[in-house]
Amino acid sequence: MLTLNNLAPNDGARKAKKRVGRGPGGGSGKTAARGHKGARARSGYSARPGFEGGQMPLHRRLPKRGFNNIFKKVCNLVSLDQLNAFDAGTVVDYAALVTAGYVNKPGPVKILANGEISKALTVRVDKVSQGAKEKIIAAGGSVEE
């Protein structure tokens with residue numbers, strides 16, 4: 001019967017760590033498989049990530065592609081059907097969307113026309129898509145950008 005006091009791994013499942021630098025009998029004695037001199041032979045050596053021993057590293061050999069715009073503005077996107085969670089006549093602004101849990105990052109908010117809206121709301125955010133604006137107004141609400 002298998003109990004906690006006689007648990008053991010299967011044969012060959014665990015391999016002993018190689019003991020280096022224990023004399024000529026071990027096969028990894030003297031230089032301990034580090035070779036003679038050089039940075040790798042020293043204690044404390046560690047190459048930075050991507051270092052290839054002086055060879056041009058892969059991340060510099062490969063061609064760069066595309067363009068990365070450092071001035072890009074990323075909006076928090078909110079769908080129209082999410083606005084149905086608010087009561088009719090409510091002012092929906094950044095603070096209300098954060099409280100409702102629809103926005104969790106700082107930055108501008110944009111309302112997209114995904115889904116339908118059935119309540120008259122006053123929407124006060126940074127951007128509203130054209131389709132969303134039309135649907136909000138059709139439902140009896142207003143948009144203030």
Side-chain angles (χ1 to χ4, degrees), residues 1-87 90-119 121-137 139 141-145:
M1 183 172 138
L2 187 67
T3 55
L4 287 177
N5 66 326
N6 62 11
L7 275 177
N10 295 334
D11 289 335
R14 295 180 64 84
K15 189 177 175 189
K17 183 175 177 277
K18 182 185 241 187
R19 297 177 74 235
V20 296
R22 298 295 184 274
S28 298
K30 196 179 161 243
T31 55
R34 286 169 173 258
H36 294 276
K37 300 186 184 175
R40 285 180 189 272
R42 318 290 186 198
S43 68
Y45 168 80
S46 73
R48 68 181 177 275
F51 183 67
E52 296 184 19
Q55 174 175 294
M56 188 62 65
L58 182 69
H59 65 89
R60 290 186 60 197
R61 290 198 304 266
L62 296 176
K64 292 198 284 284
R65 295 278 293 137
F67 173 74
N68 191 15
N69 185 1
I70 60 170
F71 301 107
K72 182 172 144 186
K73 291 180 174 63
V74 180
C75 289
N76 292 296
L77 302 178
V78 178
S79 296
L80 261 187
D81 52 1
Q82 291 176 307
L83 298 185
N84 282 322
F86 296 99
D87 297 326
T90 311
V91 175
V92 178
D93 56 359
Y94 181 82
L97 290 168
V98 169
T99 307
Y102 295 130
V103 173
N104 51 17
K105 292 186 195 132
V109 175
K110 182 170 184 175
I111 307 290
L112 300 179
N114 298 335
E116 298 298 324
I117 186 164
S118 57
K119 298 174 182 172
L121 301 172
T122 304
V123 178
R124 220 177 267 158
V125 293
D126 302 289
K127 293 183 175 189
V128 179
S129 72
Q130 189 63 42
K133 187 183 275 190
E134 291 166 2
K135 288 181 180 181
I136 292 168
I137 293 168
S142 62
V143 177
E144 301 169 20
E145 289 184 62

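Just the heavy atoms: all of them, side chains too, but no hydrogens, waters or symmetry mates, feed the values below. For this chain, numbers begin at 1 and follow the sequence in order. In this text the structure is predicted, and so the values were computed from the model without any measurement.
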Can you tell me how far apart [atom1] ([X]) and [atom2] ([Y]) are? Round to the nearest 0.5 Å.
| X | Y | atom1 | atom2 | answer |
| --- | --- | --- | --- | --- |
| Leu2 | Asn5 | CG | CG | 9.0 Å |
| Ser28 | Arg19 | OG | CZ | 11.5 Å |
| Leu77 | Lys127 | CG | NZ | 10.5 Å |
| Asp126 | Asp93 | CG | CG | 10.5 Å |
| Cys75 | Ile111 | SG | CD1 | 10.5 Å |
| Lys135 | Asn114 | NZ | CG | 7.5 Å |

Quick one: list whatever passes salt bridge (charged side-chain N to carboxylate O under 4.0 Å, His left out) with [X], sequence neighbours left out.
| X | value |
| --- | --- |
| Glu134 | none |
| Lys133 | Glu145 |
| Arg61 | Glu52 |

Check whether any side-chain heavy atom of [X] sits under 4.5 Å from a side-chain heavy atom of [Y], and report yes or no.
| X | Y | result |
| --- | --- | --- |
| Ser46 | Phe51 | no |
| Thr122 | Phe86 | no |
| Val78 | Val92 | no |
| Leu83 | Lys119 | no |

Other residues, nucleotides, ligands: >12 heavy atoms within 6.0 Å of [X] [atom1]:
| X | atom1 | answer |
| --- | --- | --- |
| Arg22 | CZ | yes |
| Asn69 | CG | yes |
| Asp11 | CG | no |
| His59 | NE2 | yes |

Problem - side chain to side chain contact (heavy atoms under 4.5 Å, CB included) between Ile136 and Leu80, intermediate numbers included - result: CA-CA 8 Å; Ile136 292 168; Leu80 261 187; 3.7 Å; yes
Closest approach of [X] and [Y], non-hydrogen atoms and distance?
| X | Y | answer |
| --- | --- | --- |
| Ala32 | Gly21 | CB-N, 3.7 Å |
| Gly35 | Ala41 | O-CB, 4.3 Å |
| Ala139 | Ile117 | CB-O, 3.8 Å |
| Asn76 | Gly107 | ND2-O, 3.4 Å |
| Arg40 | Arg34 | O-NH1, 3.1 Å |
| Ala113 | Ala132 | CB-N, 3.4 Å |

